[in-house]
Structure formats: C-alpha cells, structure tokens
Amino acid sequence: MEQKKKKHSQLREIWRRLKKNRLAVFGLCVLILLVFLAVFADVIAPYGYDEQNYAETLQFPSWKHWMGTDNFGRDILSRVIYGTRISLQIGFISLTGGALVGCILGAVAGFFGGAVDTVIMRFTDILMSIPRTVLAIAIATTLGPGLTNAMIAVAISSVPNFARVVRASTLTVKDQEFVEAARSIGASNARIIFRYIFPNVMAPIIVQATLGVGTAIILAASLSFLGLGIQPPTPEWGAMLSAARTYMRDYWYMVTFPGLAIMLTVLALNLFGDGLRDALDPKLKK
C-alpha cells in the first residue's frame, strides 16, 4: 500500500514539473490531437483516402477541399488525416520493437560485463557506424517495400541507441545494495534484470523512446519517399510527398500539407520529450 502511494506521489511530482514547461504541454496536446485523429479518422475525414473524382483533379485549397486535391482527384485533407494513423503506427510499433531488443541487449551487456559486454557492444558499434538512414534503406531494400518491412527496418536501426542508453544505466545500478540483496536471497540473473534493473532505468528509456518516435516517423517517411516503404494508395506522409514531386512547382499545396504534418508531429514529440526528460531528471527536484 505504501509503495502504491509512493508511486502515485512520484507521478504527481513528475506531472507538476512537466506542467511548468509550456512547450512540453503544447507538444503533449498536439500528440493527443494526433492520436484522436488517428483513432477516429474514419469519422473525421470528409472523404475516403482512396476516393477518386477525376472531375476535380489538381484543385487548389477551397471550402470544399480545405487542402486541395491531388492528380487523382483525392481529397488531400482526408489523406493527411488517414496518414496520421499510418505514420503514428509505424513510429510507435517500430520503436517499441527496437526498444525491446535494444533494452534487453543493453541490460545483458551491462549486467554480465566481460566477454558478453564486449560482443554485444561491438555489434552495436558496427550498427552505429552505419548512418541510420543508410542502414534502414539497406534493410528495406533487402526485405522489399511494404508496411511491415518498413517497420522492421526502422526497428533494427533504433536498436543501438537503446542498447547504449540501457547499458550505461545498468552499470550504475547493478552494484547498488538492493541488487546485492536480491543476489543474497538467491534471485536468478533474469529475475534481477527484469525485476530490479529495468524498473530503475526506465526514466532514460522513456525519454529515449519519446524522442525516438519522431526520428522513426521521419525515417519511415524517407523510406516511403524513396519507394521502399508504404505503397500506394495507402496514405502515408512520405509517400504523399514522393507522389507530389512532379507537381510541386505548379501545385505547392500537394507537398506543403503532408510536409507540415511531418514537421508538426516531430516538433510535438521533441518538445514533449525534452520536457519529459527535465521532469524525470532527479537533479531538478526541489
């Protein structure tokens, strides 16, 4: 009971510090709005994302089509709204997969040390020596285009960052008294890692994940822009930018609105991530 009260008080303290950061609150509000659009896209979007009307192709923004129409007569606003669902899905799911693998590798490397640490960290060093975009392109090219393969490519490219963050945090936690106490009562290594190590290194993981979602969305958009990610007619912001390249000189709105969607989403994630990092930093406690 006391533990629950302590956790609730800690969460309230984190929320109190987070509320003081107006930019972080703005980012959180934008993220809530984007999640709302993604969940209720079928209700909110005025048209279907693949609904074509060749009598209304390449129309500039108007009261009927607030963001204009593309070369197939599809409503761009509707496609941007549906694209929110795809982009957030890629960002969160791919980063969750990469975080799980990276956290396990980092915790194992930091906890056991020695040869295990050397092998795991040299593997992550090899991955980090390759630019993340190039690594994702290589993986997506090997696996082929598509939603699932794009998420796999983004997930693999995010593993090294989580592995290094968790390893560093594990090294500072593994020699503390509560871990020694767990060893003294015969707790297994797996139990110590998952029951005692992970709960005490969650703060940097949460911050890294929050900031990493924005990078994952940009990376997925880049793959789609190159034709290695989501395939038409599925509405994804990067794919929409790629399809509009031919028309961007005369029909600026076709690239402007999907680009603004990417920019606003990544900005909101970064603002919220920065604020969350400050709120979770114990040095800022009064």
Side-chain angles (χ1 to χ4, degrees), residues 1-18 92-130 132 135 152 154-216 269-270 272-286:
M1 195 70 179
E2 292 181 1
Q3 276 188 332
K4 288 184 178 179
K5 289 182 178 179
K6 187 176 180 181
K7 287 182 179 179
H8 285 311
S9 62
Q10 288 176 342
L11 290 174
R12 282 196 294 267
E13 181 64 18
I14 292 172
W15 174 242
R16 184 186 68 82
R17 291 198 297 270
L18 184 64
F92 285 107
I93 294 179
S94 62
L95 200 76
T96 300
L100 286 174
V101 176
C103 288
I104 292 173
L105 290 177
V108 170
F111 183 77
F112 290 102
V116 175
D117 183 24
T118 300
V119 171
I120 292 177
M121 296 317 295
R122 294 301 76 78
F123 171 71
T124 59
D125 287 342
I126 291 172
L127 291 181
M128 292 194 74
S129 67
I130 306 171
R132 190 171 179 180
L135 178 62
I152 292 174
V154 175
I156 293 175
S157 66
S158 65
V159 167
N161 291 331
F162 283 98
R164 295 183 71 87
V165 168
V166 175
R167 175 184 177 271
S169 300
T170 302
L171 289 174
T172 63
V173 171
K174 72 172 185 176
D175 293 326
Q176 293 188 13
E177 293 179 356
F178 62 88
V179 177
E180 295 297 333
R183 284 198 184 98
S184 66
I185 61 175
S188 64
N189 291 330
R191 179 174 175 79
I192 293 174
I193 291 175
F194 289 101
R195 178 68 178 82
Y196 299 100
I197 299 293
F198 272 138
N200 288 278
V201 300
M202 283 304 296
I205 293 175
I206 292 172
V207 173
Q208 179 67 30
T210 305
L211 296 172
V213 172
T215 304
L269 285 164
N270 287 339
F272 178 64
D274 286 339
L276 189 60
R277 178 185 58 200
D278 295 339
L280 291 171
D281 190 347
K283 295 179 182 178
L284 297 179
K285 290 183 179 180
K286 297 182 180 180

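All values below were derived from every heavy atom in this structure, side-chain atoms included, with hydrogens, water molecules and symmetry-related copies excluded. In what follows, residues are counted from 1 in the order of the sequence shown. Only a predicted model underlies this, so the values are computations on that prediction, with no experimental measurement involved.
- Here the CG atom belonging to Asn200 is positioned 10.5 Å from the CE atom belonging to Met202, to the nearest 0.5 angstrom.
- Closest approach of Ser129 and Ile126 over heavy atoms only: OG-O, 2.5 Å.
- Between the Ser169 side chain and the Val166 main chain, no donor and acceptor come within less than 3.5 Å of each other.
- The two atoms that bring Ile205 and Cys103 nearest to each other are CD1-SG, 3.7 Å, heavy atoms only.
- Taking CG from Leu127 and CG from Asn161, the interatomic distance works out to 10.0 Å, rounded to the nearest 0.5 Å.
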- Message: Please determine whether side chain to side chain contact (heavy atoms under 4.5 Å, CB included) holds for the pair Asp117 and Phe112, giving the CA-CA distance in whole Å, both sets of side-chain angles, and the decisive distance to 0.1 Å.
- Response: CA-CA 7 Å; Asp117 183 24; Phe112 290 102; over 6 Å; no

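- Phe178 approaches Tyr196 most closely through the heavy-atom pair CE1-O, 3.7 Å.
- For the pair Leu211/Asp274, a side-chain contact is recorded, criterion being any heavy-atom separation below 4.5 Å from C-beta on.
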- Stepwise side chain to side chain contact (heavy atoms under 4.5 Å, CB included) check, Thr215 with Arg132: CA-CA 10 Å; Thr215 304; Arg132 190 171 179 180; 3.2 Å; yes

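- Nearest heavy-atom pair, Val159 versus Leu105, reported as atom, atom and distance to 0.1 Å: CG1-CD1, 4.0 Å.
- The NZ atom of Lys174 sits 10.0 Å away from atom CD of Glu180, with the distance rounded to the nearest 0.5 Å.
- For the pair Arg164/Asp125, a side-chain contact is recorded, criterion being any heavy-atom separation below 4.5 Å from C-beta on.
- Atom CD of Gln176 and atom CD1 of Ile197 lie 8.5 Å apart (nearest 0.5 Å).
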- Report the C-alpha distance between Leu95 and Phe162 in whole Å, list the side-chain angles of each, state the deciding distance to 0.1 Å, and finish with yes or no for side chain to side chain contact (heavy atoms under 4.5 Å, CB included). CA-CA 10 Å; Leu95 200 76; Phe162 283 98; 4.0 Å; yes

- Task: Dump the intermediate steps for side chain to side chain contact (heavy atoms under 4.5 Å, CB included) on Met121 and Thr124, then the final yes or no.
- Result: CA-CA 5 Å; Met121 296 317 295; Thr124 59; 3.5 Å; yes

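- Rounding to the nearest 0.5 Å places OG1 of Thr210 at 7.0 Å from CD1 of Ile206.
- The environment of CZ in Arg183 is crowded: more than 12 heavy-atom neighbours from other residues, nucleotides or ligands sit within 6.0 Å.
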